[in-house]
Peer 1: 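Submitted below is the structure of interest, expressed as structure tokens.
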Amino acid sequence: MIRSFGPAEFTFLVEAARWTVLLSLLAFIGGGVIGMVVALMRVSRNAMLRNIAAGWISVVQGTPVLIVLFLVFYGLPFLGLRFPPLVAAALGMTVYASAFLGDIWRGCIEAVPRQQWEAASSLALKPAQRMIYVVLPQAVRLAVPPTVGFMVQIVKNTSVASIIGFVELTRAGTLMNNVTFQPFWVFGSVALLYFAMCWPLSVMSQRLERRLHAGRRS
Amino acid sequence: MPVVVAEDVRKSFGSLTVLDGVSLSVSEGELIAVIGRSGSGKSTFLRCLNGLETPDSGQIIVAGHALAPGEEALRALRQDVGMVFQSYNLFPHLTVGKNIELAPRLVKKIGKAEAADIARSVLAEVGLAEKYDAFPEQLSGGQQQRVAIARSLAMRPKVMLFDEVTSALDPELTGEVLKVMEGLSRSGMTMLLVTHEMAFARKAASRVVYFHQGRIHEQGPPEEFFGAPKTPELQQFLGAVL
Amino acid sequence: MPSLVFSDVWAQFDTLLSGLLQTVWISAVAIVLGVVIGVLCAVARSARSRLLRVLAAGYVEGMRNTPFIVQLFLVFFGLPGLGIQITAIQAGLIALTLNLGAYSAEIIRAGIEATHRSQIEAGAALGLRRRDILLHVVLLPALERVWPALSSQFVLTMLASSILSQISVEELSSAGALIDSRTYRSMEVYIILAGFYLGLTMLFRLSFDLAGRFLFPRRRAVAVRR
């Protein structure tokens, strides 16, 4: 039976969008934690840690999100681990986000002027103290706008999780399209919902960026 | 017993020789003014003294600590050696008080109240007691540099190094910084400063050291050094800057 | 833990190779067309006509704040609904091009905005026409300035083309899925795919670096001096 696309169908999409939000949050948290480790390894004095982090970043950034998700989706059972689709998708997105956030944050840490590192060293602070009390607080300020900007990428890329069978907004759209045959309305609504989630983040990121530059110039 | 001993210190960056065998001995309470052209190696030498640069060869002993590789040895040395930079390098995210208290609390494990007392007393020493709660960007360049001096003082160093500390300041602000430094010297602090302020070197230094092509080319007490320079290189340099 | 067996997958190398070539071809076309749209759009965003500016901004923001896969589905499923018949490859090319067009417009616009007023004034003082100033003083230096950022975006476009497998365009990821269904060696297939995409990423980066040196002589001079 063919349904037509009406308010009830739109509500179905809105409800599915909650899973997109949840998956985005999980990816951001997981990617943030691992990304922090990657960023710190990337600026470490230990060459091996630096190389491992650099390798992680270029391998993940050089692979489509789709393939990253497939690798995690098939890789976990291969290692004998069984997870529900939400967890598999969250883990895959965590891998993806960790590489990009790690790279963004490395840039922010390195953007803290060398003299600040030297001043902290001259005061006999330990490397960890120097990082925690002097470098990171300044790096965080620089990191906020691009991090918010990257959250847009996370939200959008959760759509790829639809391909490994997790029912979020895009998957719900595909299912809806199969029963209504009104692709223009269905995917138009899906696009609109993504836009409603992403655009405020984009605007916020741009504003923060502008404020940061204004603050620096004065 | 000298407080600073450097013996045959050598350092190259790639094919460029920056320090070509520098030896210097500084007694307690001395104020050494280091002068020379840019690129003569004077700043690099100063940075070697607290391990910001690592010499390729030679020996350095500062306040009883031999400069040696390894994080622990370096930190022990740095606890006794204060460093003040050209660009102040205050931590912009911390108030003046927190800037000063950070190292005593983290490195010397001093309690909060005691650290605050130390901060207030060193701030008073540089004449900025009322700026305890200010953020660095709310201060003038001269005030920031005085806070940076106070921050070093809070660690109760045995030697203080000043790397062109007035070079980034507007001329009308250098006076207040130099006055603080003069007071410090009078109170007995051992100080080495790389500077372009010839008048200050002449007035306050116990000894002036001229760096030329990575070596100490000439040195002596200020009257002699400025009044009767021996080498043609120093004569030429002084002719150009005075 | 089971062991990895790659031989079954390698036996289907021809399928992988034809998918790889399809990915390269589609990406190349989308990149060329996407940059053209990006330039037009970037110029439109600083146009004197308000309507033009708003349209360009709407397109750029719309594309940048929605997922590529949804854009692809809108084109592939939506256009036929409006009576426009297109093949999967055409749909994929349209979606990729429009997507890259929006991102490159934003990158190029940043390059244009970094142009110093004095440069334009110098051009005007030399008696150049408005059109010549736009091309030689504003646009080409802007492209040169943002070439590294554009190159990264081109790589992302190539990686995004993997999504075209979802409308059964026979590119690299589809080839992988096909081999997966024949051999049931999922893990091996996707490891190999990741390796292929990594290789493509490096190849693309290298090509754009060389292309940049060819297109922008100063880049070449600076690179040589290093």
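Reminder, nothing fancy here: chain letters follow the sequence lines and each chain counts from 1. Just so it is clear, the values below take in all heavy atoms, side chains as well, and ignore hydrogens, waters and symmetry mates.
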Peer 1: Between B:Arg47 and chain A, with a heavy-atom cut-off of 4.5 Å, which part of the residue counts as in contact: side chain, backbone, both or neither?
Peer 2: side chain

Peer 1: For the pair A:Gln116 (side chain) and A:Pro113 (backbone), establish whether a donor and an acceptor sit closer than 3.5 Å, ignoring hydrogens and angles.
Peer 2: no

Peer 1: Establish, from distance only, whether the side-chain atoms of B:Thr95 and B:Asp133 form a donor-acceptor pair under 3.5 Å.
Peer 2: no

Peer 1: Side chain, backbone, both or neither: which part of B:Leu52 has a non-hydrogen atom closer than 4.5 Å to chain A?
Peer 2: side chain

Peer 1: Less than 4.5 Å to any heavy atom of chain A: does that hold for the side chain of B:Phe85, its backbone, both, or neither?
Peer 2: side chain

Peer 1: Test your reading of the model: is there a side-chain donor-acceptor pair from A:Asp103 to the backbone of A:Ala99, 3.5 Å cut-off?
Peer 2: no

Peer 1: Relative to chain A, which segment of B:Leu90 carries a heavy atom at a distance below 4.5 Å: side chain, backbone, both, or neither?
Peer 2: backbone

Peer 1: Given that the side chain runs from C-beta out, which part of B:Val84 has a heavy atom under 4.5 Å from chain A: side chain, backbone, both or neither?
Peer 2: neither

Peer 1: Which residues in residues 120-131 of chain B have any heavy atom lying under 4.5 Å from a heavy atom of chain A?
Peer 2: none

Peer 1: If you look only at distance, which donor and acceptor atoms sit under 3.5 Å apart when one is on a side chain in residues 194-205 of chain A and the other is two or more places apart or in another chain?
Peer 2:
{"unit_1": "A:Tyr194", "atom_1": "OH", "unit_2": "A:Glu168", "atom_2": "OE1", "d": "3.1"}
{"unit_1": "A:Tyr194", "atom_1": "OH", "unit_2": "A:Thr170", "atom_2": "OG1", "d": "2.7"}
{"unit_1": "A:Trp199", "atom_1": "NE1", "unit_2": "C:Glu61", "atom_2": "OE1", "d": "3.1"}
{"unit_1": "A:Ser202", "atom_1": "OG", "unit_2": "A:Cys198", "atom_2": "O", "d": "3.4"}
{"unit_1": "A:Ser202", "atom_1": "OG", "unit_2": "C:Asn65", "atom_2": "OD1", "d": "2.5"}
{"unit_1": "A:Ser205", "atom_1": "OG", "unit_2": "A:Pro145", "atom_2": "O", "d": "3.0"}

Peer 1: Identify every side-chain donor-acceptor pair in residues 60-71 of chain B under 3.5 Å, counting partners at least two apart or on other chains, and give the distances.
Peer 2:
{"unit_1": "B:His65", "atom_1": "NE2", "unit_2": "B:Asp80", "atom_2": "OD2", "d": "2.7"}
{"unit_1": "B:Glu71", "atom_1": "OE1", "unit_2": "A:Arg45", "atom_2": "NH1", "d": "3.2"}

Peer 1: Grab the two heavy atoms, one from A:Ser44 and one from A:Leu49, that are nearest each other, plus how far apart they are.
Peer 2: OG-CD1, 3.8 Å

Peer 1: Please tabulate, for side-chain N and O atoms in residues 24-35 of chain A, each donor-acceptor pair with protein atoms closer than 3.5 Å (sequence neighbours left out).
Peer 2:
{"unit_1": "A:Ser24", "atom_1": "OG", "unit_2": "A:Thr20", "atom_2": "O", "d": "2.7"}

Peer 1: Which pair of non-hydrogen atoms, one from B:Ala115 and one from B:Ile110, has the smallest distance, and what is that distance?
Peer 2: N-CG2, 3.6 Å

Peer 1: Flag the one option from B:Leu161, B:Val107, B:Leu77, B:Leu106 with the top tally of heavy-atom pairs under 4.5 Å to chain A.
Peer 2: B:Leu106

Peer 1: Establish, from distance only, whether the side-chain atoms of B:Arg151 and B:Asn99 form a donor-acceptor pair under 3.5 Å.
Peer 2: yes

